[in-house]
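Structure first, commentary second.
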Amino acid sequence: MLILSEDNLAVYIKEHLVDKLDFITNAKVQKVAVAGGGLVSAVYKARVGNHNLFFKQAIPGKLDKVKELVGGDVPEDAFIVWYDERQSAEVKALQIFRRAVPEGFVPVVHHHDTQNHIMVLSEVCGPSGVVLADV
């Protein structure tokens with residue numbers, strides 16, 4: 001599994017997305033930054049052409065670190081929210097939410113790379129195009 005970083009995100013875009021996303025024509029990556037993440041995931045933001053894209057990667061190996069931090073006496077079912085198909089469930093949930101809320105308030109899943117556990121998402125913005133994080 002490829003682990004994304006600020007250093008290899010541009011290469012990932014050129015190798016994996018140019019032929020899958022028709023709005024990425026020349027794959028010119030203008031800016032890459034860490035946008036968040038947690039104990040079991042990382043999120044990067046990249047400006048590609050005229051589009052801001054988010055790359056959310058679930059990193060299964062990080063679950064061991066969570067167990068280590070929490071302690072050894074935690075029952076296995078405490079981690080039921082983490083499993084190999086977690087991102088597939090997130091993709092389905094986002095598709096359901098998109099039908100139920102005003103347009104622009106749920107990110108579009110442009111691509112789901114199951115092999116590398118990467119979701120490529122649009123930026124979340126309101127109907128006027130204002131990015132909600134900036135409001």
Side-chain angles (χ1 to χ4, degrees):
M1 180 175 123
L2 167 74
I3 304 295
L4 288 182
S5 70
E6 290 179 87
D7 296 329
N8 69 8
L9 188 57
V11 173
Y12 176 83
I13 291 168
K14 288 176 185 169
E15 291 180 358
H16 295 274
L17 297 181
V18 172
D19 59 340
K20 293 180 177 67
L21 302 179
D22 56 0
F23 61 85
I24 297 179
T25 53
N26 62 5
K28 183 172 182 189
V29 179
Q30 298 165 352
K31 185 178 179 185
V32 173
V34 175
L39 290 174
V40 293
S41 66
V43 181
Y44 296 93
K45 179 179 181 178
R47 180 82 178 159
V48 183
N50 294 328
H51 301 276
N52 287 326
L53 295 176
F54 288 86
F55 297 79
K56 180 178 182 193
Q57 183 173 41
I59 306 170
K62 285 192 170 187
L63 182 58
D64 294 334
K65 186 66 177 172
V66 174
K67 290 179 182 178
E68 181 184 314
L69 290 170
V70 174
D73 296 335
V74 180
E76 271 305 306
D77 61 1
F79 297 101
I80 200 159
V81 296
W82 175 265
Y83 59 101
D84 288 342
E85 298 301 318
R86 171 185 159 175
Q87 275 195 322
S88 294
E90 286 186 53
V91 169
K92 289 175 187 169
L94 285 171
Q95 291 167 343
I96 292 167
F97 290 144
R98 270 187 78 206
R99 291 192 295 253
V101 299
E103 187 171 336
F105 280 91
V106 175
V108 175
V109 179
H110 291 297
H111 180 65
H112 185 205
D113 178 350
T114 52
Q115 181 179 357
N116 291 304
H117 299 282
I118 298 169
M119 283 193 295
V120 182
L121 306 163
S122 67
E123 193 154 30
V124 180
C125 61
S128 65
V130 175
V131 179
L132 295 181
D134 296 336
V135 175

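Both backbone and side-chain heavy atoms feed into the values below; hydrogens, waters and symmetry mates do not.
Here H51 contributes atom NE2 and F23 contributes atom CZ; the two are 5.5 Å apart, rounded to the nearest 0.5 Å. Taken to the nearest 0.5 Å, the CG atom of L121 stands 8.5 Å off from the CD atom of E90. Distance CD/Q115 to CG/L2: 9.5 Å, rounded to 0.5 Å. Atom-to-atom distance recorded for D113:CG and L17:CG is 8.0 Å, nearest 0.5 angstrom. To the nearest 0.5 Å, atoms NE2 (H112) and NZ (K20) are separated by 13.0 Å. To the nearest 0.5 Å, atom NZ of residue K31 and atom CZ of residue R47 are 10.0 Å apart.
The closest side-chain heavy-atom distance from I13 to V48 is below 4.5 Å. Side-chain contact between Q95 and V109 is absent, with no heavy-atom pair separated by less than 4.5 Å.
Under the 4.5 Å side-chain contact rule for hydrophobic residues, V11 and V34 do not share a cluster.
Scanning for side chain to side chain contact (heavy atoms under 4.5 Å, CB included) contacts around V108 gives R98, H110, S122, with sequence neighbours left out. In terms of the side chain to side chain contact (heavy atoms under 4.5 Å, CB included) criterion, residue partners of V32 (sequence neighbours excluded) are, by chain and number, E6, L9, V29, A46.
Inspection of the N116 and Y12 side chains reveals no N or O donor paired with an N or O acceptor under 3.5 Å.
For S5 against Y44, the heavy-atom pair with the smallest separation is CA-OH, 3.6 Å.
For the side-chain contact (heavy atoms from CB on, under 4.5 Å) criterion with L4, the lone passing option out of H117, Q57, K56 is Q57.
N8 places a side-chain N or O within 3.5 Å of a backbone atom of I3 that can act as its donor or acceptor partner.
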